[in-house]
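Model, not experiment: these values are computed from the prediction.
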Amino acid sequence: MNEQQVAARLVSDLHSNIAWFEFGALLIACILLIISAVLAARAYAALSEMRMLTHRADMGSPAHGRLSGARQSTPENIGAAARRVKARANRRSLP
């Protein structure tokens, strides 16, 4: 067989089996579409849950007055934790 006969046979095989190639490409596209839809739904569910948790946390913040007795990180508390006086109180003297 020479190269022209091989090329002609390849083209005829391709024409006879083109439907299977199209079916395979369509199947792969559908699978990828389903996977992307599932991942998008999971991402939306995670973002919705995060939005609800953030909303609950905001509703329980001291600005709303519900958790007034709980420990909260206010600028005064943060500043008190960073003061040098507190750091000196924890030092030990060397023998």
Side-chain angles (χ1 to χ4, degrees):
M1 258 198 213
N2 61 12
E3 293 176 4
Q4 290 178 350
Q5 290 174 339
V6 171
R9 181 171 279 200
L10 181 63
V11 169
S12 69
D13 286 345
L14 185 65
H15 282 293
S16 64
N17 293 322
I18 194 73
W20 289 107
F21 291 127
E22 290 175 355
F23 178 72
L26 185 64
L27 183 66
I28 290 172
C30 288
I31 290 172
L32 289 176
L33 184 67
I34 290 170
I35 290 172
S36 65
V38 168
L39 289 176
R42 290 183 67 184
Y44 180 76
L47 288 174
S48 294
E49 184 177 356
M50 181 60 69
R51 186 174 56 238
M52 282 193 314
L53 292 174
T54 306
H55 180 69
R56 285 183 191 166
D58 286 343
M59 292 303 285
S61 68
H64 294 282
R66 290 187 182 176
L67 298 176
S68 59
R71 289 181 54 155
Q72 300 161 7
S73 60
T74 60
E76 295 83 19
N77 294 343
I78 293 171
R83 286 191 193 123
R84 293 181 60 98
V85 176
K86 185 174 182 179
R88 273 191 243 129
N90 291 332
R91 289 186 186 169
R92 296 182 187 174
S93 60
L94 294 174

| task | Decide if atom CD of Glu3 counts as having more than 12 heavy atoms of other residues, nucleotides or ligands within a radius under 6.0 Å. | result | no
| said: Using only atom types and a distance under 3.5 Å, with no angle test, would you say the side chain of Asn17 pairs donor to acceptor with the backbone of Trp20? | reply: no
When the side chains of residues 21-48 are checked against the rest of the protein, which donor-acceptor pairs come out under 3.5 Å, sequence neighbours left out?
residue : atom : partner : partner atom : Å
Ser36   : OG   : Leu32   : O            : 3.3
Ser36   : OG   : Leu33   : O            : 2.8
Ser48   : OG   : Tyr44   : O            : 3.0

| task | Verify side-chain contact (heavy atoms from CB on, under 4.5 Å) between His15 and Ile18, making sure each step is shown before the conclusion. | result | CA-CA 5 Å; His15 282 293; Ile18 194 73; 5.8 Å; no
| request: List the steps, then state whether side-chain contact (heavy atoms from CB on, under 4.5 Å) holds for Thr54 with Asp58. | output: CA-CA 6 Å; Thr54 306; Asp58 286 343; 4.0 Å; yes
